[in-house]
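Structure first, commentary second.
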Amino acid sequence: MSELSLSVPTYNPSIGVVAPAEGGTVTVEVVNGSVEIFGDAAGLRDLARMCLALSDDRAPDGAQIHLDEGINPLDLGSASLMLARSPRCSAQRP
């Protein structure tokens, strides 16, 4: 089975969450109360890197990445998106 792997720098408290981007495109839409995320391959990898960066054990609860329309990787017309490390899930942390 082939694999796809991504890497991100470890969390650094002096600069926060860093997730290098390939420059892909993602659109976030809210349709009938459901969030739909569409993207090209590079854009989906960009989102995956952001989630991976937030999953770093050194990232504090509440660490977040705000994405607004027109700001990489979200295209114009996209709904805004916030990705965050939830303090509600901290009990599950090792």
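Keep in mind the model is a prediction, meaning the values are calculated, not measured.
By the 4.5 Å heavy-atom criterion applied to side chains, Pro73 and Met50 are counted as neighbours. For the pair Val28/Leu74, a side-chain contact is recorded, criterion being any heavy-atom separation below 4.5 Å from C-beta on. With contacts defined as side-chain heavy-atom distances shorter than 4.5 Å, the pair Asn72/Asp46 qualifies.
Between Ser80 and Glu69, the closest heavy-atom pair is OG-N, 4.4 Å. Annotation for Ala53 and Ala59: closest pair O-CB, 4.2 Å, computed over non-hydrogen atoms.
Between the CG atom in Leu83 and the CG atom in Leu47 there is a gap of 6.5 Å [rounded to 0.5 Å]. A distance of 8.5 Å separates OG in Ser78 from CD1 in Ile37, rounded to the nearest 0.5 Å. Residue Leu76 holds its CG atom at 9.5 Å from OG1 of Thr27, rounded to the nearest 0.5 Å.
Residues passing the side chain to side chain contact (heavy atoms under 4.5 Å, CB included) test with Thr25, sequence neighbours excluded: Asp40, Asp75.
Checked by atom type and distance alone, the side chain of Arg85 pairs as donor or acceptor with a backbone atom of Leu54 at under 3.5 Å.
Both Leu67 and Val30 are part of a single hydrophobic cluster, where members link through side-chain heavy atoms under 4.5 Å apart. Clustering ILVMFWY residues whenever any of their side-chain heavy atoms sit less than 4.5 angstrom apart, transitively, puts Val35 in a cluster other than the one holding Met82.
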Per-pair distances, 0.1 Å, donor-acceptor, side chain in residues 2-18, under 3.5 Å, sequence neighbours excluded:
residue : atom : partner : partner atom : Å
Asn12   : OD1  : Ser14   : N            : 2.9
Asn12   : OD1  : Ser14   : OG           : 2.7

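The salt bridge (Lys or Arg N to Asp or Glu O under 4.0 Å) pairs that include a residue from residues 15-27 are Glu22-Arg45, Glu22-Arg49, where partners are two or more places apart or lie in different chains.
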